[in-house]
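Structure record follows, encoded as structure tokens.
Residue numbers begin at 1 in each chain, while the letters A, B, ... track the order of the sequences. In what follows, every heavy atom counts, from backbone to side chain, and hydrogens, waters and symmetry copies are set aside.
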Amino acid sequence: MLDVKYIREHLELVETRLKTRGTGIDLERFRQLDSQRRELLQQTETLKALRNKVSEEISRIKDKSQAQDRITEMREVSQRIKGMDEELKGVEETLEHFLLTVPNVPSPATPVGASEADNVEIRVWGEKPRMDFTPKPHWEIGEALDILDFERGAKLTGARFTLYKGLGARLERALINFMLDLHTGRHNYLEMLPPFMVNRESMTGTGQLPKFEEDLFHLGEVDYFLIPTAEVPVTNIHRGEILKGSDLPLCYTAYTPCFRKEAGSYGKDTRGLIRQHQFNKVELVKFVHPDHSYAELDKLLDNAEEVLRLLKLPYRVVDLCTGDIGFSAARTFDIEVWLPGQDCYREISSCSNFEDFQARRASIRFREDEKAKPEFVHTLNGSGLAVGRTVVAILENYQQADGSVVIPEALRPYMGGAEKIG
RNA sequence: GGAGAGAUGGCCGAGUAGGUCGAAGGCGCUCGCCUGCUAAGCGAGUAUACUGGGAAACCGGUAUCGAGGGUUCGAAUCCCUCUCUCUCCGCCA
């Protein structure tokens, strides 16, 4: 959520910057609601001040019959206050809802562009594997090795659900442990294991609600949602809190499954593990001082890249343009891994700085020192990495002519020493 | 699922026959004094949001005692609903 005062004072700037996202915003509506709110607020508060003053006078009068005229008068004032408060509440709710649906202002550093096509490749790492055979897509490799069972996944639940078998399941589990060990051991993140379903407030705090409810799985019996990413529970850990400035940055990592409806992507990536309703991810989340958030974003991105470097999987980093960054993000770098079976790079991590957008929604603040006023932290997060897509990358990049798949060296300790599958 | 207890400021904890209570007291913390150092002691200060005025320092108003609603001139205190925590019983990985 954007700061009301900031919008009020920088209307044109906010408008032009938001336009670069391709999403218009009706700032005239904001202006109207905002001034309406302030006007009503002043009126009702003046009346409340009067009521408080007179009520206090009444309290000092021992013989209440002497106060009867004032009591009658205040009874009427209270009625008026009640009416105005209701009107005010209506305006505030409208304004609040409006603000909750306005996306974050992109960072000035974010390249301006209309779509994915305008994203900027900023670096490329690793050598694409040379193969003297036609590389297969991972779903063929996985089925041939009998480690991925798409048919039974669909039987158990439906489309976009997959059953992992044997060394396939083991590979997924190995990757989770490998990533968590790396981030906790080498990169100094604190491991968290949060709930996999959260309430409406948490979903609103990180920006999934109210705008993107159709992307979420909702539990009918209670008003809970399955998390679409660990970002939601982990960022909300500190919702409504005031942190100590000396504790920043707080760096958390968490493994969770993620559940997404993938509404609107019918017919896209229907084969294989790329787009699932349920997938595993290891997430990195940071709460940082506003002055350092972009330096922390660079570090977080590097921490995510490190996973691919250790696994020796070729990748590139892309600077998302204003037309392609997410609703809550001010700046985002995607890491795309090379997939020989599909002859393209595919997103495997998305690392974003939300600045104070989520912090304001979720009220996550810090004090520079004991005396200081609370300020909003900046929140960041990134996948470190999407586990299913890492399996995809390993299967496709490490496939051999004979159909077997070599296990990356770094992962072997997590695979009981196995060197290959098949 | 059944029965009961509770939710107050950074923490502990008063306050329920409604009124001067944003809220005693203690702890913690900050600043100053004192002390050879430390400890102790003394004094002052110590919530947040919105809003009006002001360049600012700051001054004023309103709201907030789990959340929401009600009664009342006036509610931390009374009534209703909900949420959460704790204890006991049942069930259960």
Side-chain angles (χ1 to χ4, degrees), chain A residues 1-10 30-100 193-205 209 219 221-225 233 236-248 250 257 287 356-377:
Chain A
M1 190 157 64
L2 303 179
D3 182 10
V4 182
K5 284 181 203 151
Y6 183 83
I7 305 178
R8 194 184 292 151
E9 283 155 26
H10 305 86
F30 167 82
R31 208 193 313 249
Q32 204 184 340
L33 286 167
D34 181 50
S35 66
Q36 206 178 342
R37 181 184 92 91
R38 283 195 290 167
E39 206 171 297
L40 279 167
L41 199 60
Q42 277 174 52
Q43 290 174 17
T44 160
E45 287 189 351
T46 307
L47 284 183
K48 282 178 184 171
L50 173 70
R51 182 179 66 184
N52 287 345
K53 197 175 125 246
V54 175
S55 287
E56 196 210 291
E57 281 168 25
I58 293 170
S59 77
R60 282 199 305 255
I61 297 169
K62 291 223 173 67
D63 179 2
K64 295 300 182 222
S65 64
Q66 300 270 304
Q68 205 46 56
D69 53 335
R70 291 186 222 207
I71 288 176
T72 313
E73 196 190 332
M74 284 310 107
R75 185 175 301 158
E76 197 191 303
V77 168
S78 271
Q79 279 312 110
R80 279 172 63 199
I81 290 174
K82 204 172 179 181
M84 290 171 75
D85 270 348
E86 259 164 50
E87 196 183 342
L88 178 64
K89 195 177 159 192
V91 172
E92 286 190 326
E93 274 170 8
T94 310
L95 180 63
E96 174 83 359
H97 185 81
F98 173 81
L99 288 173
L100 284 174
L193 185 61
F196 300 159
M197 49 181 94
V198 299
N199 58 31
R200 207 163 266 279
E201 290 69 44
S202 293
M203 282 295 184
T204 306
L209 291 181
L219 275 65
E221 296 201 348
V222 281
D223 196 18
Y224 295 161
F225 297 85
N236 277 283
I237 287 173
H238 295 300
R239 172 154 52 84
E241 295 183 13
I242 299 176
L243 307 168
K244 273 191 184 165
S246 55
D247 288 344
L248 302 181
L250 289 172
F287 303 82
D356 62 7
F357 187 84
Q358 293 180 327
R360 182 171 289 108
R361 286 175 162 248
S363 186
I364 307 169
R365 295 174 294 173
F366 76 102
R367 271 184 228 276
E368 183 93 55
D369 58 72
E370 301 279 352
K371 286 275 189 188
K373 274 216 164 303
E375 291 177 64
F376 290 113
V377 298

TODO: Please say whether more than 12 non-hydrogen atoms of neighbouring residues, nucleotides or ligands are located less than 6.0 Å from CD in Glu57(A).
DONE: yes
Task: Contact under 4.0 Å: Arg38(A) side-chain N or O vs G52(B) OP1/OP2 - done: yes
Open item on the list: Does Glu76(A), at its CD atom, have more than 12 non-hydrogen atoms belonging to other residues, nucleotides or ligands within less than 6.0 Å?
Closed with: no
- [ ] Report which part of the nucleic acid Arg8(A) touches: base, sugar-phosphate, or nothing (heavy-atom distance under 4.0 Å, all strands).
- [x] sugar-phosphate
Open item on the list: Can you measure Leu95(A) atom CG to U51(B) atom P for me and round it to whole angstrom units?
Closed with: 10 Å
Open item on the list: Please report the distance, rounded to the nearest Å, between NZ in Lys244(A) and P in C29(B).
Closed with: 10 Å
TODO: Would you kindly compare Pro374(A) and Arg60(A) by the position of their nearest RNA chain B nucleotide and give the one closer to the 5′ end?
DONE: Arg60(A)
Open item on the list: Can you measure Lys373(A) atom NZ to U30(B) atom P for me and round it to whole angstrom units?
Closed with: 19 Å
Task: Structure string for RNA chain B in dot-bracket form, Watson-Crick and G-U at under 3.5 Å, | interchain - done: ((((((((.[[[..)...(.....]]]((((((.......))))))(((((((....))))))).[[[[[..)....]]]]])))))))....
Open item on the list: If you count heavy atoms of other groups shown closer than 6.0 angstrom to OH of Tyr224(A), is the number above 12?
Closed with: no
TODO: Kindly determine whether Glu201(A) and Arg239(A) satisfy salt bridge (Lys or Arg N to Asp or Glu O under 4.0 Å), including the steps that lead there.
DONE: CA-CA 9 Å; Glu201(A) 290 69 44; Arg239(A) 172 154 52 84; 5.4 Å; no
Task: Length of the line joining Leu47(A):CG and U51(B):C1', which is rounded to integer Å - done: 15 Å
Open item on the list: Taking only the C1' atom of each, what is the distance from A57(B) to A63(B) in whole angstrom?
Closed with: 25 Å
Task: Atom pair distance, as rounded to whole Å: CD in Glu241(A) and P in C11(B) - done: 11 Å
- [ ] For A56(B) versus U20(B), give the span between their C1' atoms, rounded off to a whole number of Å.
- [x] 34 Å
Open item on the list: With nearest nucleotide decided by heavy atoms, which residue, Arg367(A) or Lys5(A), maps closer to the 5′ end of RNA chain B?
Closed with: Arg367(A)
Task: Nearest-Å distance for atom pair CE/P, residues Met1(A) and A49(B) - done: 13 Å
Task: Gap between atom CG of Leu95(A) and atom CG of Leu99(A) - 0.5 Å precision - done: 4.5 Å
TODO: Determine, for nucleotides 62-78 of chain B in 5'-to-3' order, which nucleotides have protein heavy atoms under 4.0 Å from the base (write B), from only the sugar-phosphate (write S), or from neither (write -).
DONE: BS-----SSS-BS----
Task: Within 6.0 angstrom of Met84(A) CE, more than 12 heavy atoms from elsewhere - done: yes
TODO: Using the P atoms only, state how far U72(B) lies from C58(B), rounded to an integer number of Å.
DONE: 42 Å
Open item on the list: Under a 3.5 Å cutoff, is there a donor and acceptor pairing between the side chains of Asn199(A) and Ser202(A)?
Closed with: yes
TODO: Could you measure between the two C1' atoms, the one in C21(B) and the one in G13(B), and give it in whole Å?
DONE: 16 Å
TODO: Using the P atoms only, state how far A39(B) lies from G22(B), rounded to an integer number of Å.
DONE: 37 Å
- [ ] Can you tell me the distance, in whole Å, between the CG atom of Leu40(A) and the P atom of C50(B)?
- [x] 18 Å
- [ ] Could you grab the distance from atom CD1 of Ile61(A) to atom CZ of Arg70(A), nearest 0.5 Å is fine?
- [x] 4.5 Å
Task: Span that lies between the P atom of U8(B) and that of U62(B), in whole angstrom - done: 26 Å
Open item on the list: Output the rounded distance in Å from CZ (Arg239(A)) to P (U83(B)).
Closed with: 16 Å
Open item on the list: With a 4.0 Å limit, can you tell me whether Arg365(A) has a side-chain N or O closer than that to the phosphate oxygens OP1/OP2 of A49(B)?
Closed with: yes
Open item on the list: Would you say CD of Glu39(A) has more than 12 non-hydrogen atoms from neighbouring residues, nucleotides or ligands within 6.0 angstrom?
Closed with: no
Task: side-chain hydrogen bond (donor to acceptor under 3.5 Å, both in side chains) against Asp85(A), all qualifying residues, sequence neighbours excluded - done: Thr44(A), Lys48(A)
- [ ] Could you walk me through whether Glu56(A) and Arg60(A) pass the salt bridge (Lys or Arg N to Asp or Glu O under 4.0 Å) test, one step at a time?
- [x] CA-CA 7 Å; Glu56(A) 196 210 291; Arg60(A) 282 199 305 255; 2.5 Å; yes
Task: Integer angstrom distance from the C1' of A14(B) to that of G26(B) - done: 10 Å
Open item on the list: Suppose you measure atom C1' in G61(B) against the same atom in A55(B); what distance do you get, rounded to whole Å?
Closed with: 22 Å
